[in-house]
Amino acid sequence: MTMHEDLQAAIRQGDFLLNWMPVLETGTEHVVAFEALVRWKRPKHDYVDPNVFLACAEERGLIEDIDRWVLHQACRLAQEWVQPVGVSVNVSPAWLATERVAATVATALQESGLDPARLQIEFSEKGDFGPAESAGRELARIRALGVRIVLDDFGTGIASLERLINLPFDQIKLDRVFVSRLGLDARVETILRSTLYMAHALGMTCCAEGVETEEQLGFLDAHGCEEIQGYLIGRPTIALPDSQPPGSI
Ligand code: C2E
Ligand code: MG
Ligand code: MG
């Protein structure tokens with residue numbers, strides 16, 4: 001069996017897991033959300049790196065089915081959490097052009113009963129957003145549901161500044177390549193300071209990924225970065241801390 005055939009079987013059987021990664025609000029030092037990260041144990045193999053099987057799913061036209069499963073599962077589980085914190089779901093920009101993303105989000109909200117204000121959708125800047133017009137329409141429809149939209153992996157893709165003008169993002173998520181070089185390369189501090197200034201001036205908030213040290217947290221907090229994620233706060237885990245229900249199926 002090739003990887004895409006195994007993936008097709010996994011989609012039919014809903015054979016995926018979710019891991020949860022906390023998001024800390026720097027101002028309050030409270031965990032305000034959890035990001036859902038999909039996991040797949042390939043039959044007769046080990047867990048496959050999500051970057052590998054998601055790339056295969058995109059190539060073979062299977063990504064919509066996986067993202068749909070994750071959206072429904074994440075909304076359903078978040079609705080059962082003890083604390084009504086936020087839930088963040090990654091959706092591949094590869095199927096924005098189908099103009100089916102907003103309808104899928106609406107169905108997941110309806111079926112789970114989740115408050116739309118608790119949900120945010122992350123689109124990676126590394127992905128292909130398709131024609132700007134259809135991407136703009138879809139993102140506007142998602143926001144009209146009351147769901148927030150995040151530009152993930154900011155600084156590592158292409159045409160990011162043009163997207164900031166044309167598409168209605170609520171938050172920029174700074175890629176961890178920048179955070180990991182804080183303190184080692186003065187140019188990285190300049191890029192982070194400028195990006196935070198630009199995001200705030202455009203009415204968006206910032207979340208920094210890959211925070212592993214107190215020094216990195218201190219810099220980001222001092223420069224007004226509203227949210228952070230990374231191993232310093234918590235690694236992706238199957239169960240939420242504080243006796244939250246498990247995030248597994
Ligand atoms: P992402 O959304 O940018 O998620 C962050 C990735 O960085 C995660 O890897 C996480 O484990 C890792 N990470 C976070 N903090 C740290 C840190 O402090 N240090 C280090 N070394 N790593 C950190 P993961 O889980 O392998 O996910 C990789 C990518 O796969 C995600 O990047 C996301 O783009 C994609 N992905 C995950 N779940 C889904 C999904 O359900 N749908 C879609 N379309 N994409 C997904
Ligand atoms: Mg993400
Ligand atoms: Mg990212």
Side-chain angles (χ1 to χ4, degrees), residues 7 10-11 14-24 31 33-41 46-78 86-96 98 100-101 104-105 108 119-129 148-157 160 169-182 195 206-217 220 225 227-238 247-249:
L7 270 176
I11 289 164
D15 213 0
F16 299 97
L17 291 172
L18 292 184
N19 271 4
W20 298 99
M21 189 161 196
V23 180
L24 186 92
V31 170
F34 287 87
E35 178 178 2
L37 294 163
V38 70
R39 298 289 179 258
W40 178 48
K41 160 87 178 65
D46 203 348
Y47 281 92
V48 185
D49 180 341
N51 293 305
V52 172
F53 75 80
L54 292 169
C56 172
E58 282 192 12
E59 259 170 47
R60 299 289 180 156
L62 302 172
I63 193 69
E64 178 175 348
D65 291 330
I66 296 178
D67 283 350
R68 180 177 290 116
W69 182 90
V70 173
L71 260 168
H72 277 83
Q73 190 72 0
C75 291
R76 200 174 64 73
L77 291 168
V87 53
S88 202
V89 177
N90 296 281
V91 168
S92 168
W95 59 289
L96 269 175
T98 65
R100 287 193 290 263
V101 182
T104 306
V105 172
L119 180 64
Q120 70 176 23
I121 308 287
E122 305 186 10
F123 294 96
S124 173
E125 190 191 73
K126 289 174 180 156
D128 181 358
F129 279 58
R148 299 194 325 141
I149 304 208
V150 177
L151 184 58
D152 200 358
D153 305 324
F154 184 79
T156 60
S160 54
F169 293 103
D170 298 288
Q171 184 179 76
I172 282 176
K173 223 179 210 197
L174 287 157
D175 194 81
R176 71 169 186 269
V177 297
F178 300 107
V179 176
S180 66
R181 288 171 65 186
L182 257 178
T195 307
C206 268
C207 177
E209 289 187 296
V211 176
E212 295 185 356
T213 68
E214 290 288 349
E215 290 72 28
Q216 293 165 343
L217 168 61
L220 291 160
C225 187
E227 294 177 359
I228 59 159
Q229 275 182 291
Y231 291 175
L232 182 68
I233 311 306
R235 291 180 182 240
T237 49
I238 201 89
S248 58
I249 48 173

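Each ligand, and each atom within it, is numbered from 1 in the order the structure gives. Nothing fancy with the numbering, it's 1 onward along the sequence. Because the structure is predicted, anything quoted here is derived from the model rather than measured.
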Between Val38 and ligand 1, is there a nitrogen or oxygen pair with a distance under 3.5 Å?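 Val38 vs ligand 1: N/O contact under 3.5 Å present.
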Please indicate whether any nitrogen or oxygen in Tyr231 is less than 3.5 Å from any nitrogen or oxygen in ligand 1.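 Yes: some nitrogen or oxygen of Tyr231 is under 3.5 Å from one in ligand 1.
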List every atom of ligand 1 that sits less than 4.0 Å from any heavy atom of [X], numbering the atoms from 1 in the order shown and giving each element.
X	value
Glu209	1 (P), 3 (O), 4 (O), 5 (C)
Pro236	11 (O)
Ser92	44 (N)
Gly230	15 (N), 18 (O)

Return yes when at least one N/O/S atom of Asp175 is nearer than 2.8 Å to the Mg ion (ligand 3), and no when none is.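 So Asp175 does not bind the Mg ion (ligand 3) by this criterion.
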Short N/O/S contact of Asp153 with the Mg ion (ligand 3) (below 2.8 Å):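 Within the cut-off used here (under 2.8 Å), Asp153 does place an N, O or S atom near the Mg ion (ligand 3).
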Let me know which of Glu227, Arg176, Met21 forms a side chain to side chain contact (heavy atoms under 4.5 Å, CB included) with Glu209.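 Going through Glu227, Arg176, Met21 one by one, the side chain to side chain contact (heavy atoms under 4.5 Å, CB included) with Glu209 is satisfied by Arg176 alone.
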Can you tell me if Asp170 and Gln120 form a side-chain donor-acceptor pair at under 3.5 Å?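 Side-chain D/A pair, Asp170 to Gln120: absent.
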For a quick check under 3.5 Å, do Glu64 and Thr98 share a side-chain donor-acceptor pair by atom type?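 Checked: Glu64/Thr98 side chains show no N/O donor-acceptor pair below 3.5 Å.
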Do the rings of Phe34 and Trp20 sit parallel, tilted or perpendicular, given the 30° and 60° boundaries?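 Taking Trp20 first and then Phe34, their aromatic rings stand perpendicular (interplane angle over 60°).
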Which word best sums up how the rings of Phe53 and Trp40 line up, parallel for under 30°, tilted for 30 to 60°, or perpendicular for over 60°?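 Perpendicular, since the angle between the ring planes exceeds 60°.
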Return yes when [X] approaches ligand 1 closer than 4.0 angstrom through a heavy atom, no otherwise.
X	value
Met21	yes
Ser124	no
Arg39	yes
Glu35	yes
Gln229	no

For a distance under 2.8 Å, tell me if [X] has an N/O/S atom near the Mg ion (ligand 2).
X	value
Glu209	no
Asn90	yes
Glu35	yes

Could you tell me whether atom 32 (O) of ligand 1 has at least one protein heavy atom nearer than 4.0 Å?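 No; the ligand atom in question lacks any protein heavy-atom contact below 4.0 Å.
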Could you check whether atom 9 (O) of ligand 1 has a protein contact, counting only heavy atoms that fall below 4.0 angstrom?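 There is no protein heavy atom less than 4.0 Å from atom 9 (O) of ligand 1.
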Any idea which N/O/S atom from Asp152 gets closest to the Mg ion (ligand 3)?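 Looking at Asp152, the N, O or S atom with the least distance to the Mg ion (ligand 3) is OD1.
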To check you understand the geometry: which heavy-atom pair defines the closest contact between [X] and [Y], and what is its length?
X	Y	value
Gly14	Trp69	CA-NE1, 3.6 Å
His72	Thr104	CE1-O, 4.3 Å
Ile63	Ala94	CG2-CB, 4.5 Å
Leu54	Ile66	CD2-CG2, 4.3 Å
Phe178	Phe154	CE1-O, 3.3 Å
Asp67	Ser92	OD2-N, 2.8 Å

Please state which part of [X] comes within less than 4.0 Å of ligand 1, counting heavy atoms only: side chain, backbone, both or neither.
X	answer
Arg176	side chain
Asn51	side chain
Ile66	neither
Asp67	side chain

Out of [options], whose heavy atom is nearest to [atom]?
atom	options	value
atom 27 (O) of ligand 1	Pro50, Ser180, Ala208, Ala94	Pro50
atom 41 (O) of ligand 1	Asn19, Val70, Ile233	Val70
atom 30 (O) of ligand 1	Val211, Leu18, Leu54, Val179	Leu54

Quick one: pull up [atom1] in [X] and [atom2] in [Y] and give me the separation to the nearest 0.5 Å.
X	Y	atom1	atom2	result
Leu151	Ile172	CG	CD1	6.5 Å
Ile149	Phe169	CD1	CZ	7.0 Å
Leu24	Leu217	CG	CG	7.0 Å

Evaluate the side-chain proximity of Val91 to Glu122: yes if any heavy-atom separation is below 4.5 Å, no if none is.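 With C-beta onward as the side chain, the pair stays apart.
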Looking only at N, O or S atoms in Glu122, which is nearest to the Mg ion (ligand 2)?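 This turns out to be OE1.
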Apply side-chain hydrogen bond (donor to acceptor under 3.5 Å, both in side chains) to Asp153 and Ser124, showing your working. CA-CA 6 Å; Asp153 305 324; Ser124 173; 2.6 Å; yes
Would you say CZ of Arg181 has more than 12 non-hydrogen atoms from neighbouring residues, nucleotides or ligands within 6.0 angstrom?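 Counting other residues, nucleotides and ligands, CZ of Arg181 stays at 12 neighbours or fewer.
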Can you pull out the closest protein heavy atom to atom 19 (N) of ligand 1? Residue, atom name and distance to 0.1 Å, please.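 For this ligand atom, the closest protein heavy atom is Glu212 OE2, 2.5 Å.
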Please write down residue, atom name and distance for the protein heavy atom closest to atom 37 (C) of ligand 1.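 Going by distance alone, atom 37 (C) of ligand 1 is nearest to Leu37 CD2, 3.7 Å.
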